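Source: prediction; values computed, not measured. First listed ligand is number 1; within each ligand, the first listed atom is number 1.
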Amino acid sequence: MASTVCVHGLGYIGLPTAAMLANHDYIVSGFDTNSEVLHALNNGGIHIEEPGLRAFVSHAIDSENLRLVDEVVESKYHLICVPTPFDHRDKSADLSYVQQAATTISSILRDGDTVILESTVPPTTTVDLVKPILEESGLVAGRDFALVYCPETVLPGNITTELKQNDRIVGGVNGVSTEAAVRLYSSFIEGEIHTTDATTAEFVKLSQNTFRDTNIALANELAMIARDYGIDSRSAISLANKHPRVGLHDPGPGVGGHCLPIDPWFLGQHSDRPDLIEHAREVNDRMITYIIEVLEKELGGLTNQSIGVLGVAYKGNVDDTRESPGIRLVEELRHNESITVTAHDPHIDQCSIPLESFEDTISNADAIVLVADHDEFENIDREKCSTYMSGTLVIDAKNLLDSHKWNEDEFNLIRI
Ligand code: SAJ
């Protein structure tokens, strides 16, 4: 008989994972506390913009292997995929959803079940927080039930592919726990499955995103230095990367999303050591200030200027605005009340700042700043910009526009 799985939390990770397991013959209960999410999914809608995900979920629902539920269900496997919000005040993880999920599971946990935590958490969370809550059931982790940390590593925009193809780290509280989780993941993972202990698995996940954040900070600092020398940082970085042991990431307007700007803080939550990692965070966060400095210099001051911001999603082709550089840029510019700031994003309907049409955003703009690399922005109509804008300054923080063509058309295009 097919094994049963209850997935707790149907967000960016829980939903595709639930559908993946259902499409691989598991009987899956997809549980979420948000009734609007369940309603949308049950009616052919979806609350996440992700290529191919709706069809993938529909296939799972139509096969009757995936059922969407508003109460948790006794199952052989429990996967915790709930959010771990970032507490900006003390730069730490809010683990209340993980705590709540563990408490709920504890009330229905049976001998022989396996509990897997997938949410991104500070090191030791599985052992120090989740384990004691589950053991309130009277069962013992590693003996009566398996307990495992298994981080997800999928890239938003490419989730359904990476969920299958990426390697996976599986860290149990003991060997028997690890083996139980490996049995589940090996049903669909095409990459390699690497086994370790739970705390190492938590640490590895955070190290991967910290590496990327720190690498981007280096690229951003190099970009600022390159500009001081009057050279194009993108060409310089691309040439530096010709060396077989150099792999610099791309500079840009800073780092957004719910992972890279946050995971370095989670990594250091129970340690006083982070130093370079915290400096890298600061460099990335300061990129917005740097863009404003460039705007000010090129425009000869910011008073009474009109700036159009293109892209408030945290990166291209996603509808997620968490920690978005575009939103930060708008907010910082608005501190100066004499500046008129407008923003446009074809992937976002609503967010914390008002959005306008493309035309209204470029209308009368002294400068436009491109902050997210959406496909729609690749071929921005230069003629329209000429007609609508009152200035010629274009700052391309994502290296999306053809600088030769723009500069030939009498724009002053600056790549960050
Ligand atoms: N960015 C740059 N320069 C680059 C690459 C990215 O400035 O060279 C910026 C992006 O514009 C964006 C931010 O960094 O603002 C983050 O984007 P991303 O595409 O690097 O990553 P995420 O946050 O969408 O997903 C990351 C991925 N982690 C790694 O690649 C190590 C993904 O694989 C993880 O699963 C995900 O975090 C997660 O859930 O932790």
What protein heavy atom sits nearest atom 24 (O) of ligand 1, and how far away is it? Y314 OH, 2.6 Å
Do the ring planes of F31 and H8 sit parallel (below 30°), tilted (30 to 60°) or perpendicular (above 60°)? perpendicular
Determine whether any heavy atom of G257 lies closer than 4.0 Å to an atom of ligand 1. no
Just by distance, with hydrogens left out, do S306 and N364 show a side-chain donor and acceptor under 3.5 Å apart? no
Among all protein non-hydrogen atoms, which one is nearest to atom 5 (C) of ligand 1, and what is the separation to 0.1 Å? R212 NH2, 3.3 Å
Criterion side chain to side chain contact (heavy atoms under 4.5 Å, CB included) against V115, the qualifying member of I105, T126, V173: I105
Which residue and heavy atom of the protein sit nearest atom 38 (C) of ligand 1, plus the separation: C259 SG, 2.9 Å
Please list, in number order, the atoms of ligand 1 under 4.0 Å from a heavy atom of T153. 32 (C), 33 (O), 34 (C), 35 (O)
Give the residue, atom name and distance (to 0.1 Å) of the protein heavy atom nearest atom 21 (O) of ligand 1. L155 CD1, 3.8 Å
What is the nearest protein non-hydrogen atom to atom 26 (C) of ligand 1, stated with its residue, atom name and distance? L260 CD1, 3.7 Å
Going by side chain to side chain donor-acceptor pair (under 3.5 Å), name the pairs with one or both residues in residues 37-49, residues two or more places apart or in two chains. H39-N43, E49-H347
What part of V154, side chain from CB on, backbone N/CA/C/O, both or neither, has a heavy atom under 4.0 Å from ligand 1? backbone
Check each heavy atom of K205 against ligand 1 and say whether those closer than 4.0 Å belong to the side chain, the backbone, both or neither. side chain
Answer with yes or no whether K398 contacts ligand 1, where contact means a heavy atom under 4.0 Å from a ligand atom. yes
Between ligand 1 and N209, can you find any atom pair, the residue atom being a heavy atom, that is separated by under 4.0 Å? yes
With respect to I416, which candidate in N399, D396, V369, V294 satisfies the side chain to side chain contact (heavy atoms under 4.5 Å, CB included) definition? V294
Atom indices of ligand 1 within 4.0 angstrom of P156 heavy atoms, with elements: 24 (O), 25 (O)
closest protein heavy atom to atom 39 (O) of ligand 1 is E152 OE2, 2.8 Å
Listed by chain and number, what are the ring-ring contact (aromatic ring centres under 6.0 Å, His included) partners of H249, not counting sequence neighbours? F211
If you measure from atom 13 (C) of ligand 1 to every heavy atom of G157, G256, S324, which option wins on shortest distance? G256
